[in-house]
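Accompanying notes for the structure given below.
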Amino acid sequence: MDDKIFTDHRLLDDLFEAFILISRGEYVSLYDVRNQLTRYSPAAADLFGFPEYIPYGAYNWADYVHPEDRRRYENVMKSLIEGKSLGYDISYRVKLKDGSYIFTKNIGAVIRDEEGNPMFIGGIMINEGLTETTDPITVLRNQYGFFQDISAAIELKKNCVILLIGISKMSIINDEHGYGYGNKVLQQFAWYLQENFGMDGTVYRLDGAKFAFVTESVSAQEMSVRYEKMRRSLLGGLPIDNFRQVLVLNAGMIFYEGSEVDERTIFACLNRAFHDSKMRKNGKLVNYNGVTDARKSLEMINEIRNCVVMDCEGFSLRYQPIVSGDDEKIISAEALLCWHSDKFGDVTPDAYIPVLERDFLFEELGYWIFIQSMKDGALCLEKNPDFVVNVNVSPAQLTDDFLVDELVKISKLVGFPLKNLCLEITASCRQLEPEILKKVISQLKEKGVQCLLDDFGSGVASLEFLQDLSPNYIKPERKYVIDIDREKSHLQIIRHLTNLAVELGSNVCVKGIANKEIRDLVRELPVKALQGYYYSGPVPLETLLEKLDIGR
């Protein structure tokens, strides 16, 4: 290493030695923010195949992080360097010098100068492939062991039933009784699972209050019966310290039968079933194999996840025009996602979005949609300077701390003003904590982004959300629109919702305009915009541009 660099960074070396002392043999890194120099422990440098001292630009660590985990890593680093975070605890996969990947857990902290600016970022990397696979609280195999075992089952093409179980409202138990008591709940539940299931397979403790069970000997049908018996039993309480603690469970299940998929795809589909159990089935077991041809579905989700990693290969956008309620000229368009593959053909989003929404890869796909739709929107602005692009967002995107910053960055990158962007808040987003939703929508509106409440009139607390969030637009639920020419009660509902929204300061966009009769009825109401197949279905960008040329 250059002698001058060594002299100039003696403080870096002194701090590095301190990190080495507390690392207990793990891999250590220390980044000098001002001088943009990173030092790695010899073991880490050898593992990844680069020098101990790395000046900025010589190596890009993000290139070593697995593509599926890269955005998460970059967001964490951005937050640290900008002084928004004091430390980090993040797990991701990283590439070794032989091209293979390992799972790593990374823990570190920021050292600030007297002005409070980040000076050094120091951290310890733990190679999870070398650590114990046992959860210290329950003594069950942990999440790393779970993925390890599922990967082995896939490689050996073993047929197995996989159950994902969660304890609802564990945070409330911790708040009311303390974390010591909460740990006892986890331990007693783990022993209960071991006693009732352990002889037939392996029980795991995953993150938080989630557990898993993998078996080759219990059928899916028998598992459903055994889970329901357990669920009902624990509603009567689990003995904890001479007290019966009521436990409310949720569970998803999948039967794996040798599909060419990876363990992350299985887990994503399992999470989808678990979410349905929690949100729609009151804790009753949901079997992912209940969908039509589950094997095909697994293979399709696996291919889609691979496509997302490969820069969203196979994905495209179509746009359904939205016209003015006054003169029926196009004023905006809703971006709709399409995916095509040689094996599965054209696949509609409802076949995969419900699974991907609970997969960390959805973040990558979500930002691709923003970038592509805003690029296309910039071309539409050449035809109509007031044109607006509508993009649907998921709960995961709205709770992303970097959403607003990323939209600002994309806006500058592609030359599309944020005032011409409208985010459609779906019904699933209304399951978020109201204060969280209110905060993020306020931040978006401060940047000029328009917000629309979709499927207004359905779900929970629609009227409260209308009042609290003050959206730019609402879209009444389609089911009230498609037959208003035959159902007078539905026309009354649409009239009521429209008048209410206008009184509270929101515009109304009515979707589901299927024929002239519906159009004529709706145009009698104070609506700002109309959308539906009467005007146009979703079309490619080229067709949308042609429609803008002629006004419709």
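Note that the numbering runs from 1 along the sequence shown for the chain. These figures come from a predicted structure and were not determined experimentally.
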Under the salt bridge (charged side-chain N to carboxylate O under 4.0 Å, His left out) criterion, do K447 and D405 qualify, and how do the steps go? CA-CA 10 Å; K447 296 296 182 181; D405 291 343; over 6 Å; no
State the CZ-CD1 distance between F267 and I162, to the nearest 0.5 angstrom. 10.5 Å
Main chain of E334, side chain of R318: is a donor-acceptor contact present, judged purely on distance under 3.5 Å? no
Against I425, only a single residue in L398, L444, I474, L469 fulfils side chain to side chain contact (heavy atoms under 4.5 Å, CB included); can you say which? L398
Heavy-atom distance under 4.5 Å between the side chains of E446 and S442, does that happen here? yes
Could you give the distance from OH (Y535) to NZ (K547), rounded to the nearest 0.5 Å? 12.0 Å
For the student: nearest non-hydrogen atoms of T133 and Q148, plus distance: CG2-OE1, 4.1 Å
Do E406 and Q397 have side chains that approach each other closer than 4.5 Å (heavy atoms only, starting at C-beta)? no
Say whether, by atom type as modelled, one donor and one acceptor occur between the side chain of S79 and the main chain of V76 under 3.5 angstrom. no
According to the interplanar angle, ranging from 0 to 90°, do the rings of W339 and F315 count as parallel (below 30°), tilted (30 to 60°) or perpendicular (above 60°)? tilted
Measuring only between side-chain heavy atoms, which start at C-beta, is P67 closer than 4.5 Å to R70? yes
Taking T543 for its side chain and V539 for its backbone only, find out whether a donor-acceptor pair lies under 3.5 Å. no
From E477 CD over to I482 CD1, what is the distance, rounded to the nearest 0.5 angstrom? 9.5 Å
Might you confirm whether atom NZ of K78 has over 12 heavy atoms from other residues, nucleotides or ligands at distances under 6.0 Å? yes
Distance-minimising heavy-atom pair for S394 and C429: C-SG, 3.6 Å
Would you please indicate if the ring centroids of Y288 and F255 are separated by under 6.0 Å? no
salt_bridge(D69, R93) N-O dist < 4.0 Å: yes
With heavy-atom distances below 4.5 Å as the criterion, would you say the side chains of Y92 and H66 are in contact? no
Hey, is CG on D63 packed in by over 12 heavy atoms from elsewhere, all under 6.0 Å? yes
For residues P321 and Q531, report the shortest heavy-atom separation together with the two atoms involved. O-CG, 3.7 Å
Can you see which heavy atom on M253 is nearest to which on N287, and at what distance? O-OD1, 3.4 Å
Is there a donor-acceptor pair under 3.5 Å between the side chain of T265 and the backbone N or O of V261? no
Does some side-chain heavy atom of W368 sit less than 4.5 Å from a side-chain heavy atom of L317? yes
Could you tell me whether the side chain of S506 and the main chain of P471 form a donor-acceptor pair under 3.5 Å? yes
Kindly determine whether V481 and I494 satisfy side-chain contact (heavy atoms from CB on, under 4.5 Å), including the steps that lead there. CA-CA 7 Å; V481 179; I494 291 297; 3.7 Å; yes
Set out, in order, the CA-CA distance, both residues' side-chain angles and the distance that settles salt bridge (charged side-chain N to carboxylate O under 4.0 Å, His left out) for K281 and D276, then state yes or no. CA-CA 6 Å; K281 299 297 182 180; D276 282 350; over 6 Å; no
Side chains of H340 and V347 in contact at under 4.5 Å (non-hydrogen atoms): no
Short side-chain to backbone donor-acceptor contact, D207 and Q143, under 3.5 Å: no
Would you please test T426 and D454 for side chain to side chain donor-acceptor pair (under 3.5 Å) and show each step? CA-CA 5 Å; T426 59; D454 197 9; over 6 Å; no
Here the pair of heavy atoms bringing L206 nearest to L164 is CD1-CD1, 3.5 Å
Between D135 and R141, is there a side-chain N and carboxylate O pair less than 4.0 Å apart? no
Output for pair (S259 OG, I266 CD1), nearest 0.5 Å, gives 7.5 Å
Intermediate values then yes/no, side-chain contact (heavy atoms from CB on, under 4.5 Å), K528 and Y473: CA-CA 9 Å; K528 183 78 171 179; Y473 280 89; 3.4 Å; yes
Quick check: does any side chain N or O of E260 sit under 3.5 Å from a backbone N or O of E299, one acting as donor and the other as acceptor? no
Out of R272, R305, R264, which one pairs with D359 under the side-chain hydrogen bond (donor to acceptor under 3.5 Å, both in side chains) rule? R305
Polar side-chain atom of Y352 near backbone of V355 as donor-acceptor pair, under 3.5 Å: no
Specify the closest pair of heavy atoms between K284 and S277, including all atoms of both residues, with the distance to one decimal. O-OG, 2.9 Å
Sole candidate of L452, L407, N392 that passes side chain to side chain contact (heavy atoms under 4.5 Å, CB included) when paired with L423: L407
Heavy-atom check, side chain of N142 versus side chain of R205, under 4.5 Å: no
Applying side-chain contact (heavy atoms from CB on, under 4.5 Å), run through L96 and L47 and close with a yes or a no. CA-CA 6 Å; L96 306 182; L47 188 68; 3.6 Å; yes
Does K210 make a cation-pi contact with F274, if we ask for NZ or CZ under 6.0 Å from the ring centre and within 45° of the axis? yes
Heavy atoms, side chains only, cut-off 4.5 Å: are K445 and C451 in contact? yes
Let's go through D455 and K475 carefully: what are the C-alpha distance in whole Å and the side-chain angles of both, what is the deciding distance for side-chain contact (heavy atoms from CB on, under 4.5 Å) to 0.1 Å, and is it a yes or a no? CA-CA 6 Å; D455 291 326; K475 274 187 184 179; over 6 Å; no
Could you tell me whether the side chain of T399 and the main chain of P395 form a donor-acceptor pair under 3.5 Å? yes
Which value, rounded to the nearest 0.5 Å, describes the distance between L421 atom CG and S373 atom OG? 6.5 Å
